[in-house]
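Heads up, the thing below is written out as structure tokens.
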Amino acid sequence: MEKYNPKEIEKKAQDKWKNSPDLVEVKDASGKEKRFILDMFPYPSGTGLHVGHVESYTATDIVSRYLRMKGYNVLHPQGFDAFGLPAENYAIKTGVHPKATIEEAVRVFKKQIDSLGFSYDWSREVNSSLPEYYKWTQWLFLLFYKNGLAYKKKAKVNWCQKCQTVLANEQAENGKCERCESEVIQKDLEQWFFKITDFIEDTSRTNADGKRTDAEILTSGLISGLDKVDWPESTKTLQQNWIGRSEGATIKFPISNFQFPNNSQNPNDQKYVEVFTTRIDTIFGCTYCVVAPEYPLLAELKDRIENWDEVEKYTQATKKKTDLDRMEAKVKTGVELKGVRVINPFSNESLPLFVADYVLAQYGTGAVMAVPAHDERDFEFAKKYDLPIKKVIIPPFIGTLVRDSGGLIIDGWQQYSQEIKDWVVDGELINSGEFSGLTSEEARKKLTTWLEEKKLGEKKINYRLRDWLVSRQRYWGAPIPIIYCEKCGEVPVPEVDLPVELPDDVDFKPTGESPLKYSEKFQNVVCPKCGAKAKRESDTMDTFVCSSWYYLRYADSKNEKEFASKELLKKWLPVDLYVGGAEHSVLHLLYARFFTKVLHNLGYLEFDEPFLKLRHQGTILAEDGTKMSKSKGNVVNPDDVVAQYGADALRCFEMFMGPLEDMKPWQTRGIVGVYRFLEKAWKMQTRISEQGTANSNLNNLLHKTIKKVSEDIETMHFNTAISQLMILANALEKEGNLYSIHYTSFLILLSPFAPHLAENLWEKLGHSESIFQEKWPEYDPELIRDEEIELVIQVNGKVRDTVKVSADISEEEATKLALESEKVKNHTSGKEIKKVIFVKGRLINIVI
RNA sequence: GCCGAUGUGGUGAAAUUGGCAAACACGCACGACUCAAAAUCGUGUACCGCAAGGUUUGUGGGUUCAAGUCCCACCAUCGGCACCA
């Protein structure tokens with residue numbers, strides 16, 4: 001027998017698979033039940049595959065191979081998220097065209113992926129930077145546009161003055177440019193948005209073009225849709241927090257003694273400061289109101305504001321500040337609008353009005369009511385400007401104290417706690433007129449109803465989530481298919497003209513505008529409507545747009561007429577299992593869900609959630625427990641590991657390290673463990689014996705292993721599946737004879753984990769067919785039942801003895817045995833037995 | 001500050017969901033083979049103790065015949081959000 005030589009056998013197996021594409025290329029017309037197992041498609045970076053990729057790809061590969069052997073029709077494709085900034089930045093630095101950079105990176109990625117034996121169906125490969133793909137990204141943009149879901153408006157963008165360019169949010173973290181470290185400022189520019197906020201709640205709409213016959217379709221919203229998918233709870237929570245739904249009310253505070261315009265006495269001209277609050281129950285504690293510096297009404301009030309100079313100085317100063325500066329300011333600042341007061345509609349109190357930059361213009365109404373007694377921020381501000389603090393809610397614990405003292409401490413109760421955080425909770429209303437005595441919850445309902453009757457406000461739900469800014473002033477992305485005509489204005493590119501291809505003749509130097517703006521060929525076109533001179537939109541789309549629909553394309557990746565045909569979408573989608581990093585918990589997954597919901601709503605899809613089951617692979621840390629990074633030089637390159645130990649060992653090791661979703665440190669030392677295990681399996685081939693009856697203990701262990709490994713693959717507990725295989729291998733090793741029936745079952749169970757090894761050993765058994773055409777074994781419930789067990793004997797819950805007994809021993813017999821035990825007698829002698837607890841097939845506990 | 005996750009030997013970890021804590025590996029120690037080393041195989045390995053025995057799942061309480069697992073309080077680490085009214 002030759003030595004276990006991974007390099008040799010892995011090459012051999014890979015060649016064999018290459019020559020039998022039927023093993024992985026899945027047929028659309030198959031009677032078998034489908035499963036769609038998907039990895040998040042990678043960005044083909046120049047540094048190649050890292051061990052984190054290997055981790056999740058191995059997991060989905062094991063599941064895919066297992067399901068195929070179980071008789072499913074398994075779609076398991078892979079592709080490349082190829083647009084994006086790194087390739088463009090590299091072009092700016094070196095002049096190498098992104099197309100070339102990506103092409104080379106893709107080549108390396110595929111080579112590495114193949115060297116690990118992943119069973120991808122490459123016949124369906126997608127690449128988001130190819131015209132045949134981004135044609136449909138553009139088509140989808142137009143679909144959104146025609147349905148009012150893509151629109152243009154002025155917006156603040158991150159701008160790096162040194163690089164002269166717009167930055168994506170991810171590149172402007174902490175207010176500094178990722179590349180040059182200089183400060184990022186905010187600039188107002190015309191930008192394209194997708195109306196993601198239309199899909200937060202369930203929607204029911206008719207198609208804008210009226211073509212669809214069914215009048216209404218109910219599409220679950222981004223919030224409620226989470227209830228029907230099998231995702232990690234933490235990821236669901238993250239999405240919910242990002243959406244940030246808060247229920248509350250708007251309240252109109254009349255501006256006292258003044259009506260616009262021209263001091264009109266017409267009640268219709270009354271002006272208000274409208275605020276949003278989630279704590280309307282605290283309204284009687286409101287002692288002032290605050291508007292954001294950008295609040296539009298400020299300008300209208302100019303003539304009335306006695307200290308306008310001061311106010312203007314303040315608002316101008318805030319405009320210069322970056323968002324970061326505004327947030328980092330530890331001390332709250334603001335200016336009172338002298339001469340303007342507002343009326344609390346509930347109490348008719350006249351209150352001062354402030355402008356302050358701790359109020360955000362983009363959220364709610366851009367104005368708030370301030371209740372310093374029950375809100376930390378208002379408390380801070382009120383302390384600084386010496387504003388009254390009026391308590392109107394008794395927190396439950398203080399309420400209890402007051403009641404317990406027989407109501408005697410009436411004047412002193414306010415002093416129970418000096419800490420503001422004790423007062424921000426719900427409780428019982430006091431000093432609140434007719435609403436006193438209600439609980440916060442009851443009060444919110446009643447106060448809101450009161451407002452609605454008086455038409456001074458209404459129930460309102462606010463969200464943190466804003467519409468998605470999709471335009472980028474960048475080259476390496478899908479061009480936005482819009483043309484600006486001098487006469488017709490904004491004109492969508494006709495479908496027949498798609499794709500709008502990226503020009504090759506561009507200069508990558510950062511100019512502050514999209515490089516597309518300087519390509520004459522690209523820029524100057526004629527209007528598709530009227531034929532007049534026109535210019536193309538020069539912005540491209542955020543790469544997240546490309547990755548929001550790629551999973552749909554796999555169903556029908558070569559279709560030139562549609563993004564995918566309806567039948568094939570119906571056949572393959574939704575995705576049954578999706579595996580990828582937790583860093584995509586918010587953006588990618590939210591955007592992809594949004595796309596699915598839009599397409600469902602418009603009648604293109606029959607499902608409204610794209611990913612039924614989602615799992616994340618945990619980050620693999622370097623050996624020192626820190627993050628792997630190029631600069632620290634502690635990155636593990638999978639190629640090196642494959643060269644030394646082989647692909648099967650790397651695959652098994654990454655699965656054996658621990659639970660898939662855990663963050664875990666790499667330990668080069670540990671690889672030899674699985675390597676020895678694989679070597680053991682390899683050596684076993686010399687010991688096969690066809691003769692004789694198999695040992696019944698081994699049969700029992702084999703069937704337990706079939707059960708455990710099958711269940712562990714389904715629940716994705718690969719680490720324990722491998723340890724069970726090791727237990728079986730150790731037992732087979734110890735036994736004198738290795739029966740063919742045990743050995744072949746073992747090979748099949750091992751094959752999804754170590755496919756090359758299993759394939760080779762299978763061939764050595766004389767099979768010409770691949771092992772992956774074998775059926776996955778079933779366990780026999782009769783054979784996994786233990787006839788004998790170790791009965792645990794406890795005294796007062798402590799183990800004192802164990803005895804081997806028949807598995808179905810009765811309580812009487814067990815009690816008798818237990819009391820006969822010398823070790824038990826040592827602890828029970830002379831004491832009265834109070835109770836005996838018997839757990840069938842497990843233990844007996846004597847309580848004294 | 002808020003939300004979420006995690007905490008078990010020297011190390012990676014396991015524990016039929018309340019029933020023998022530390023499976024399976026790494027490492028280490030000793031032994032076998034060897035002139036020798038590597039590889040391989042065997043034995044041992046949570047801690048204290050010569051032993052009988054006792055102690056142990058971040059800390060402190062509780063429920064239970066029985067707690068790593070359930071409840072309460074706290075501590076530490078990691079991740080996300082962060083003036084969202």
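Note that the structure is a prediction, hence the values are computed from the model and not measured. Numbers restart at 1 for each chain; the letters A, B, ... are given by sequence-line order, proteins then strands.
Of the two residues contacting RNA chain B, namely A:E380 and A:V839, the nearest-nucleotide position lying further toward the 5' end is that of A:V839. Looking at which nucleotide of RNA chain B each of A:G658 and A:I722 is closest to, the 5′-most match is held by A:G658.
At the heavy-atom level, A:N462 lies nowhere under 4.0 Å from the strands shown. Within 4.0 Å (heavy atoms only), A:V799 reaches sugar-phosphate atoms of the nucleic acid but no base atom. A:V368 comes within contact range of at least one nucleobase, with a heavy-atom separation under 4.0 Å. Within the 4.0 angstrom heavy-atom criterion, base atoms lie near A:I837. Residue contacts shown for A:N845 include a base, since a base heavy atom lies under 4.0 Å away. Among the atoms of the strands shown, only primed sugar atoms or phosphate atoms (P, OP1, OP2) are found under 4.0 Å from some heavy atom of A:N719. At a threshold of 4.0 angstrom between heavy atoms, the contacts of A:F677 with the nucleic acid are absent. Within 4.0 Å (heavy atoms only), A:E376 reaches no atom of the nucleic acid at all.
Look at NE2 on A:H374: it is 17 Å from P on B:rA85, rounded to the nearest Å. Look at CG on A:N796: it is 8 Å from C1' on B:rC65, rounded to the nearest Å. Here B:rA13 presents its C1' atom at 16 Å from CD of A:E654, a figure rounded to the nearest Å. Straight-line distance from the NZ atom of A:K332 to the P atom of B:rG1: 15 Å, rounded to whole Å. Between the CD atom of A:Q724 and the P atom of B:rA25 there is a distance of 11 Å, given to the nearest Å. A straight line from CH2 of A:W666 to P of B:rC26 spans 16 Å, rounded to a whole angstrom. For A:M726 and B:rA23, the CE to C1' distance is 12 Å, given to the nearest whole Å. Going from atom CD of A:E679 over to atom C1' of B:rC26 covers 16 Å, rounded to whole Å.
Geometrically, A:R593 does not engage A:W242 in a cation-pi contact defined by less than 6.0 Å to the ring centre and at most 45° from the axis.
Here the separation of B:rC48 from B:rU56, taken at their P atoms, is 15 Å to the nearest Å. Distance noted for atom P between B:rG7 and B:rA15: 12 Å (whole Å). Rounded to whole Å, the separation between the C1' atoms of B:rC83 and B:rG79 comes to 22 Å. Atom P of B:rA21 sits at a distance of 30 Å from the matching atom of B:rA29, rounded to the whole Å. The gap from the C1' atom of B:rU57 to that of B:rU8 amounts to 4 Å, rounded to the nearest Å. Taking atom C1' in both B:rG58 and B:rC75, one finds a spacing of 7 Å when rounded to whole Å. Nucleotides B:rU17 and B:rG9 are separated by 25 Å at their P atoms, to the nearest Å. One P atom belongs to B:rC26, the other to B:rA73, and the distance between them is 43 Å to the nearest Å.
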Distances under 3.5 Å between protein N/O atoms and the N/O atoms of nucleotides 51-56 of chain B, please, pair by pair.
| from | atom 1 | to | atom 2 | distance (Å) |
| --- | --- | --- | --- | --- |
| B:rG54 | OP2 | A:R800 | NH1 | 3.3 |
| B:rU55 | OP2 | A:K798 | NZ | 3.3 |

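Between A:Y4 and A:W682, the angle of the ring planes lies from 30° to 60°, which puts this pair in the tilted group. Using cut-offs of 30° and 60° for the angle between ring planes, the A:Y645 and A:Y675 rings count as perpendicular. Ring geometry, A:F746 versus A:F677: the interplanar angle exceeds 60°, so the pair is classed perpendicular (tilted spans 30 to 60°).
Taking only side-chain nitrogens and oxygens, A:R676 comes nearer than 4.0 Å to OP1 or OP2 of B:rC26. Listed pair A:Y363 / B:rA85 meets the phosphate criterion, a side-chain N or O lying under 4.0 Å from OP1 or OP2. A close approach under 4.0 Å does not occur between any side-chain nitrogen or oxygen of A:R464 and OP1 or OP2 of B:rC81. A close approach under 4.0 Å does occur between a side-chain nitrogen or oxygen of A:S246 and OP1 or OP2 of B:rA85. For A:N730 and B:rA25, the shortest distance from a side-chain N or O to OP1 or OP2 is below 4.0 Å. Using a 4.0 Å cut-off, no side-chain N or O of A:K664 falls inside it from OP1 or OP2 of B:rG12.
Glycosidic conformation at B:rU64 (O4'-C1'-N9-C4 for purines, O4'-C1'-N1-C2 for pyrimidines): anti, more than 90° from 0. Base orientation of B:rG42: anti, the glycosidic angle falling outside 90° of 0.
In this structure, the nucleotide among B:rG19, B:rG12, B:rA85 sitting nearest to the side chain of A:L843 is B:rG19. Listed nucleotides B:rG12, B:rA25, B:rC3 differ in distance to A:N241; the shortest reach to its side chain belongs to B:rC3. Each of B:rC78, B:rG80, B:rA85 was ranked by its minimum atom distance to the side chain of A:L238; first place goes to B:rG80. The side chain of A:Q794 has B:rC20 as its nearest neighbour among B:rG12, B:rA85, B:rC20. With distances taken from any side-chain atom of A:I727 to the nucleotides B:rA23, B:rA85, B:rG12, the minimum falls on B:rA23. When distances are taken from the side chain of A:R669 to each of B:rA23, B:rC26, B:rA85, the shortest belongs to B:rC26.
Electrostatic pairing of A:K840 and A:D808 does not count as a salt bridge here, judged by no charged N lying under 4.0 Å from a carboxylate O. Under a 4.0 Å N-O distance rule, the pair A:E55/A:K664 qualifies as a salt bridge. Contact check on A:R785 versus A:E782 returns a salt bridge, with a Lys/Arg side-chain nitrogen under 4.0 Å from an Asp/Glu carboxylate oxygen. Between A:K704 and A:D786 there is a salt bridge, since a side-chain N of the basic residue sits under 4.0 Å from a carboxylate O of the acidic one.
Screening A:F354, A:F253, A:Y385 against A:Y288 for a ring-ring contact (aromatic ring centres under 6.0 Å, His included) leaves a single residue, A:F354.
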Show me, pair by pair, the donor-acceptor contacts under 3.5 angstrom made by side chains of residues 727-736 of chain A, not counting sequence neighbours?
| from | atom 1 | to | atom 2 | distance (Å) |
| --- | --- | --- | --- | --- |
| A:N730 | OD1 | A:K680 | NZ | 2.6 |
| A:N730 | ND2 | A:M726 | O | 3.4 |
| A:E735 | OE2 | A:N695 | ND2 | 3.4 |

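In a base pair of the Watson-Crick type (N1 to N3 plus N6-O4 or O6-N4) or a G-U wobble (N1-O2 and O6-N3), with each distance short of 3.5 Å, B:rG1 is matched with B:rC81. With both pairing distances under 3.5 Å, B:rA21 is matched to nothing as a Watson-Crick or G-U wobble pair. B:rG7 is paired with B:rC75 under the Watson-Crick or G-U wobble criterion, all donor-acceptor distances under 3.5 Å. B:rG49 is unpaired under the criterion used here, namely a Watson-Crick or G-U wobble arrangement in which both key atom distances are under 3.5 Å. B:rA39 is unpaired under the criterion used here, namely a Watson-Crick or G-U wobble arrangement in which both key atom distances are under 3.5 Å.
Residues in residues 236-247 of chain A take part in these salt bridge (charged side-chain N to carboxylate O under 4.0 Å, His left out) pairs, two or more places apart or across chains: A:E201-A:R245, A:E233-A:K236, A:R245-A:E247, A:E247-A:K459.
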**Message:** Would A:D426 and A:R444 count as a salt bridge (Lys or Arg N to Asp or Glu O under 4.0 Å) here? Give the steps.
**Reply:** CA-CA 11 Å; A:D426 279 7; A:R444 282 195 282 267; 2.8 Å; yes

